[in-house]
2 protein chains.
Amino acid sequence: MAGMPTPHVSPGLYEVFLAVARAGSFTAAARVLGYTQSAVSRQIQALEDETGAALFERLPRGVRLSEAGRVLLPHAEAVRDRLARARAELAALRTLDGGLLRLGAFSSAGAALVPRAQAVFRARHPGVVVTRVEGPSVKHLGLVAAGEEDLAVVSPAADRPAPEGVTLHHLLDEPMLVALDRGHPYAGRRDVRLAELADEEWIVGNERLEDTLFRAAPAAGPRPRTGLMAQDWIAKLGAVAAGLGVTLVPALAASSVRPDVALVTIHPDDVPYRGIFAATPPAPTVAATAFLGLLRETAQELTPATGR
Amino acid sequence: MAGMPTPHVSPGLYEVFLAVARAGSFTAAARVLGYTQSAVSRQIQALEDETGAALFERLPRGVRLSEAGRVLLPHAEAVRDRLARARAELAALRTLDGGLLRLGAFSSAGAALVPRAQAVFRARHPGVVVTRVEGPSVKHLGLVAAGEEDLAVVSPAADRPAPEGVTLHHLLDEPMLVALDRGHPYAGRRDVRLAELADEEWIVGNERLEDTLFRAAPAAGPRPRTGLMAQDWIAKLGAVAAGLGVTLVPALAASSVRPDVALVTIHPDDVPYRGIFAATPPAPTVAATAFLGLLRETAQELTPATGR
DNA sequence: TGCTAGACATTCGCTTGTCGCATGAGAGCG
DNA sequence: CGCTCTCATGCGACAAGCGAATGTCTAGCA
């Protein structure tokens, strides 16, 4: 309807317009803005040329808003306020007073490592909204690379190459534990060799945990009979507690294991420590960087405790 | 908190920002905007300098919004939309598709003259909001001068000077009528001299109407006995209909007089025609100018009928 | 491994816009 | 009748913004 092209409207113009509207005079507005009166005069004239209407009525003593000016006024105020909001939010982003931190983590990292860091982070930066998504490491690596996550705690497969657009920050190396029922002869042992467990009934799930383990110790390792399969932790550990077999538990999840199950470290010669990393884009967010620091602290606190 | 001064943020920048955000690449945005790629590159850099944060992540194939960019995006859209609204409303103002017309009128002009013009105006420009305030002419002249009314229909006192900042547009000259009860001997007359009414009982109100009349014909005029006073039209004409006396009616109000009252023109030698004007600021609004045209047409239609 | 294509960054020169200074024009006020 | 206050305008200087060309980096391909 209004065919005016109006290529670009500079917002400095709107500041001047608002100043004049409040001051009621070009000269007074110029004093407020630190401009000269001539600058204000021509700024207003430029705005009037753009809008195609007189914004002010020129009076012998100052100016007064015309009807077009009265129409424009609330819009100019809205634009000014919106720009101020934008600046405030961007500043809050820099100072971690606001913004969004999108986290990802594989499931056993969600047992203690991430929640602890998250609690400290929330206490320190309550203005930042934090979201967390659980899922397998590969998925998170892709999300970080796609820019849809700011930081993810992953345990990448050692044989697979690190993806593009992702920087890995080493957090800790996690030993593997074997979960046994309390009455098991190995329950009190410091550690155990895989060969010693060759005859046990292994309870496996659909996770890649067992694959990693048994691929790492190929020949010497036991071929589990996989007589029992369980999908989730509760069921697996329930079976162990009932004496139906043994299963693997990553050390990071040790703290959330039911007390009637004994955890014994696997001998380091049999299984390499699983590396736990934080994955970020090459240029992480301010919030992601801060969270990474907290993750490092938490990992250090957790490391001596991983043996339980 | 966010101490950044950020003297002025040009909105052309925001158009560029939005184009890049939608296109996903500087080059594509430049094609859309009709700019070169280098121009877009520096515009974005300028915006990033102002906001103090990277708005886009540079990828080998185009760019992607960073967190700061995601924060800025809705604000930039809001600003763009608001500026578009402002332009649309200002354009509507020019084409009389919108806006506000603030009218004023003295009471008897509100009987037929203004409402008729107003009806045509509303049919022709339904987008314009029209407000109308009744009141004495002096008050309206002041409001127009103060810029608080766009157009007022007034009957200024002939002896008082025209106020400053007000342009008067002549509409018509209104004769004075005398209201008599139907049985009065003069009821059928074409016109009547004031001297012939000297013995009548005059019903006066608080309006300046009678002052104007009797000041205009000082010596020859009758000194009314003012035995009856009534505040409003209904009461005055009711008294006339009951044969209690006679009263004055301005011709513009003739059409709204009850049918059992006879109206007789006063001889032009005894009373000057009362001038009816439209008062506007020196530079009237588009809507006011249009309304003035309609007032002129209505006045011309009304003039032959003022004698009833 | 080298080549090409596509994308952003940068340099250079010019046009355009914007500001300050000074002056002019117009209207109240003593 | 001049004084003073207002906005408008001509002029020169400076900075911003643009286009054209070039540089740099990466991905894909032979």
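Here is how names work: the chains are called A, B, and so on, in the same order as the sequence lines, proteins then strands, and each is numbered from 1. Side chains included, hydrogens not; waters and symmetry mates left out as well; all remaining heavy atoms used.
- Between the CD atom of E15(B) and the P atom of dC18(D) there is a distance of 13 Å, rounded to whole Å.
- Between the base of dC21(C) and the side chain of S38(A) there is a donor-acceptor pair shorter than 3.5 Å.
- A salt bridge is absent between R22(B) and E15(B): the closest approach of a Lys/Arg side-chain nitrogen to an acidic carboxylate oxygen does not fall below 4.0 angstrom.
- In the set dC18(D), dT26(D), dC8(C), dC18(D) carries the atom at the smallest distance from any side-chain atom of Q43(B).
- Judged by atom type and distance alone, Q37(B) does not reach the base of dA7(C) through any side-chain donor-acceptor pair under 3.5 Å.
- Atom CG in L47(B) sits roughly 17 Å away from atom C1' in dC8(C) (whole-Å rounding).
- Residue S41(A) is in base contact, counting any heavy-atom pair closer than 4.0 Å across all strands shown.
- Here dC21(C) is the nucleotide among dC21(C), dT10(C), dC18(D) with the atom lying nearest to any side-chain atom of T36(A).
- Here the straight-line distance linking atom CG of D49(B) with atom CG of L55(B) works out to 10.5 Å at 0.5 Å rounding.
- Between F26(B) atom CZ and dC18(D) atom P the separation is 14 Å, expressed in whole Å.
- Phosphate contact (OP1/OP2 of dC18(D), side-chain N/O of Y35(B), threshold under 4.0 Å): present.
- The residue among S25(A) and A46(B) whose nearest nucleotide of DNA chain D is located toward the 5' end is S25(A).
- Across the protein-nucleic acid pair, I44(A) atom CD1 and dC19(C) atom P stand 11 Å apart, rounded to whole Å.
- If you check dC8(C), dT26(D), dA20(D) against the side chain of R42(B), the one that comes closest is dA20(D).
- Contact annotation: T27(B) side-chain N/O to dC8(C) OP1/OP2 distance is under 4.0 Å.
- Remark: side-chain polar atoms of S66(B) are paired, donor with acceptor, to backbone N or O of G69(B) under 3.5 angstrom.
- For D49(B) and dG17(D), the CG to P distance is 11 Å, given to the nearest whole Å.
- Proximity of Q45(B) to the phosphate of dC8(C): no side-chain N or O atom is located under 4.0 Å from OP1 or OP2.
- Rounded to an integer number of Å, the gap from R31(A) CZ to dC7(D) P is 10 Å.
- Mapping R58(A) and R61(B) onto DNA chain D via the closest heavy atom, the residue that lands nearer the 5' end is R58(A).
- In this structure, the separation between CG on D81(A) and CD on E77(A) is 7.0 Å, given to the nearest 0.5 Å.
- Taking the six-membered ring where the residue is Trp, F17(B) and F56(B) present tilted rings, their angle falling between 30° and 60°.
- The two atoms that bring L294(A) and A117(A) nearest to each other are CD1-O, 3.8 Å, heavy atoms only.
- The distance from atom CG of L59(A) to atom P of dC7(D) is 9 Å, rounded to the nearest whole Å.
- Rounded to an integer number of Å, the gap from E50(B) CD to dA16(D) P is 11 Å.
- V63(B) comes within 4.0 angstrom of the backbone, heavy atoms only, and of no base.
- Both A39(B) and G62(B) lie near DNA chain C, and the one whose nearest nucleotide falls closer to the 5' end is G62(B).
- Residue G34(A) is in sugar-phosphate contact alone, with no base atom involved, counting any heavy-atom pair closer than 4.0 Å across all strands shown.
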